[in-house]
There are 2 protein chains.
Amino acid sequence: MTSIRPRPATITDIARQAGVSTATVSYVLNDAPAGARIPEETRARVRAIADELGYVPHANARSLRTGSRDLVLYVHFDVVHGPLATGFLYGFTRALRDLGYTLMQYGAERHRGVKAARSWAALRPAAVIAGDDRLTPAGVALLLKAGIRVFGMGSDPAAAKGTGLSTLIMDHRAIGLAAGRDLLERGYRDLAVVVPVDPPLRVMGEGRLEGVREAAAEVGASVRVHEMEYSPGSAAGIVAAWGEEGLPEGVFGYNDEFAGLLLGALLDAGVDVPGRVGLMGADDVMLCRMLRPTLSSVRVESESPEEIARRVVASITEGTEVHLSPWSPVPVRRQT
Amino acid sequence: MTSIRPRPATITDIARQAGVSTATVSYVLNDAPAGARIPEETRARVRAIADELGYVPHANARSLRTGSRDLVLYVHFDVVHGPLATGFLYGFTRALRDLGYTLMQYGAERHRGVKAARSWAALRPAAVIAGDDRLTPAGVALLLKAGIRVFGMGSDPAAAKGTGLSTLIMDHRAIGLAAGRDLLERGYRDLAVVVPVDPPLRVMGEGRLEGVREAAAEVGASVRVHEMEYSPGSAAGIVAAWGEEGLPEGVFGYNDEFAGLLLGALLDAGVDVPGRVGLMGADDVMLCRMLRPTLSSVRVESESPEEIARRVVASITEGTEVHLSPWSPVPVRRQT
DNA sequence: TTGTACGCGTTATCAG
DNA sequence: CTGATAACGCGTACAA
């Protein structure tokens, strides 16, 4: 007597036990109008058996039959999500669920381009949201051809326009612009900007840098650029370099974490912050209020996840291309 | 002339265009032994058409037919994942993929117990990994009955033993024990511990507290407990209370973030850290090295994600209950 | 209420 | 040797 591994109950199991057809079971469990005149006694019996068997409909089989797609695939960047992104993702997930879609996060994808696209397409999602580092024109084309909407996170909306690729971006240039303007308003004319070397972050860093440069150009200020790794040693190296070439007046540290590392290195070097050097981060995470002096930052306010979800769903159902930029930057001045 | 929404190509489309049966297409595309003797010419034609059509097999249809389950559902806690958890999750995802399974993250689940279990069961995963705040005995039973393995994150292994529920836990008691012992080694006998009020964090906080208490009991030290929210105000409140009742000698701040908030509040109050008060966080994230003075912490080293993945898969294929605790704590002493 | 075709792909069986 | 037929997995929905 070998114990068999449990198997999920099927509609057929229920039909057999209840002595009715599978059609009847389906009608009863779905409260379908076509089965409206099935006697209450039968209905009760079917329901009782379904319950007893722990029956749960097979989502795959159902969607295979109905042809419905309710999956939205979210393919991560390979980086740690900050509280901002996490918070948005939660709201977005919930909002999508309310609209009848299921968002699944698909992490640690090792492929890109057509290979990645094929693995996503196999799941027949209604849409895929992926970092632009995973997308290639051929991959996007494959998905679109299969009726799967594609959202590039970070892709350039101008370049995407007309290709069918939708975009969902954080406007990094705008963040840099806000930070740069805030530093310039304080009278600084000699600015330094940090750009992460880590590839997925680098693109964003360059966008932010561009914004600072734009702000600087408005008043004829200068901008120095430094590559930085996410490590105390790299921060110390930059501060040491400033010791040689002269300290900048204002520093934009890419984000709060990089800025936090820089702040530590500046304090270690005995630099007066903000007396000698003004410092800004971005994202406005709680970290800003842990550091002393407290860190100035650029808060990124997001449009309601519900609204974004609605527009994503509209794009899915209408098969149209949309370009969403749910974030807007606001400087927050603190002690640095 | 209405443009029809693109539809994914099916095996039937290919068969029609190639003038062969769907069986032939299937054999060719899968390099099945049964189709080994299909002439190269036909094979090439089928492959070319599949390629041209952008054909990708329908994963659902395939698994429906073969009965295979390769999905592992990971249901988040509703909190921001730190770098530690994120890093583990990435490695774990990759390792599972190498073993033929796909890990999907399912966030912002609004249900718990049987309701949640039903929504997971509908996806027919091979296993579900969920926070114990989402699991109830009835829910677990439903899943097990359907042949779906269940891993409770944070569930008590002792309580689970024999019920079929597997566990995957971080040993919070051990973290508190390590922190407590480190503080006591420095000679502190008047300890304070912070416990977050936020429900999902509270459980972990209580586990860590228990560990500190255990350490304190070994040498007869005292332990004060303070509830804390994740806000600068709450930290300031606690420090103010210490002003009234007297400062503790050593503080365990639950984790680095809560400790960082406390550090800021202590410095604001003019308290000498670590001269007057020693402070420890936990998790050892980069934040520790941004703060000045740099924060002592408890690093949590995880067993290799590959090894954990192997054991999870073994549990799935053999249908056995396992209890994994892939983390071990190591104190890291810095300036605080 | 039931029989059954269908959605998509796999595979054992059978025929030219 | 080459390849088609058909049953099947699970649930839905139309015709009877």
Side-chain angles (χ1 to χ4, degrees), chain A residues 7-47 49-50 53-71 118 121-125 146-147, chain B residues 7-47 49-50 53-71 118 121-125 146-147:
Chain A
R7 179 183 59 78
T10 72
I11 206 173
T12 312
D13 295 330
I14 300 174
R16 207 187 333 267
Q17 287 209 25
V20 297
S21 74
T22 61
T24 302
V25 175
S26 179
Y27 288 141
V28 169
L29 296 182
N30 293 324
D31 276 324
R37 292 178 316 186
I38 294 168
E40 188 50 48
E41 195 241 323
T42 304
R43 307 167 75 87
R45 185 155 38 95
V46 167
R47 273 199 265 262
I49 292 173
L53 262 43
Y55 173 76
V56 176
H58 191 312
N60 281 354
R62 174 178 282 173
S63 82
L64 179 59
R65 179 63 258 243
T66 62
S68 62
R69 281 112 183 292
D70 66 346
L71 179 67
R118 292 177 65 87
L123 302 172
R124 298 293 191 269
Chain B
R7 180 183 60 77
T10 71
I11 206 172
T12 312
D13 295 330
I14 300 174
R16 204 185 341 263
Q17 287 209 26
V20 297
S21 74
T22 61
T24 302
V25 175
S26 179
Y27 289 141
V28 169
L29 296 182
N30 293 323
D31 277 323
R37 292 172 316 185
I38 293 170
E40 189 50 48
E41 196 239 323
T42 304
R43 306 166 73 87
R45 185 157 38 95
V46 167
R47 275 200 265 263
I49 292 174
L53 262 44
Y55 173 77
V56 176
H58 191 311
N60 282 353
R62 175 177 280 173
S63 82
L64 179 60
R65 177 65 258 243
T66 63
S68 61
R69 276 98 198 294
D70 66 346
L71 178 66
R118 293 178 66 88
L123 302 172
R124 298 292 191 272

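The model shown is predicted, which means the values in this text are computed figures rather than measured ones. Protein chains get the first letters and strands the later ones, always in sequence-line order, with residue 1 at the start of each.
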Can you figure out which of C:dT2, D:dC10, D:dG3 approaches the side chain of B:P39 most closely?
-> D:dG3
Taking OP1 and OP2 of D:dT12, is either one under 4.0 Å from a side-chain nitrogen or oxygen of A:S26?
-> yes
Report the distance from atom CZ of A:R118 to atom OH of B:Y55, rounding to the nearest 0.5 Å.
-> 9.5 Å
Per atom distances to the A:I11 side chain, the nearest of D:dG11, D:dG9, C:dG9 is D:dG11
Take A:Y27 and B:S21, find for each the nucleotide of DNA chain D with the closest heavy atom, and name the residue whose nucleotide sits nearer the 5' end.
-> B:S21
For the side chain of A:A23, starting at C-beta, report the closest nucleotide among D:dC10, D:dT12, C:dG3.
-> C:dG3
Are B:D31 and B:R43 side-chain neighbours, meaning at least one heavy-atom pair lies under 4.5 Å?
-> yes
Just call it for B:V25: base, sugar-phosphate, or nothing, with non-hydrogen atoms closer than 4.0 Å on any strand.
-> nothing
For B:R124, report the nucleic acid contact type (base, sugar-phosphate, nothing); a contact means any heavy atom under 4.0 Å.
-> sugar-phosphate
Please work out if B:S63 contacts a base, only the sugar-phosphate, or nothing of the nucleic acid, heavy-atom cut-off 4.0 Å.
-> nothing
What nucleic acid atoms does A:N30 come within less than 4.0 Å of, heavy atoms only: base, sugar-phosphate, or nothing?
-> sugar-phosphate
Counting any heavy atom closer than 4.0 Å, what does A:T10 reach on the DNA or RNA strands: base, sugar-phosphate only, or nothing?
-> sugar-phosphate
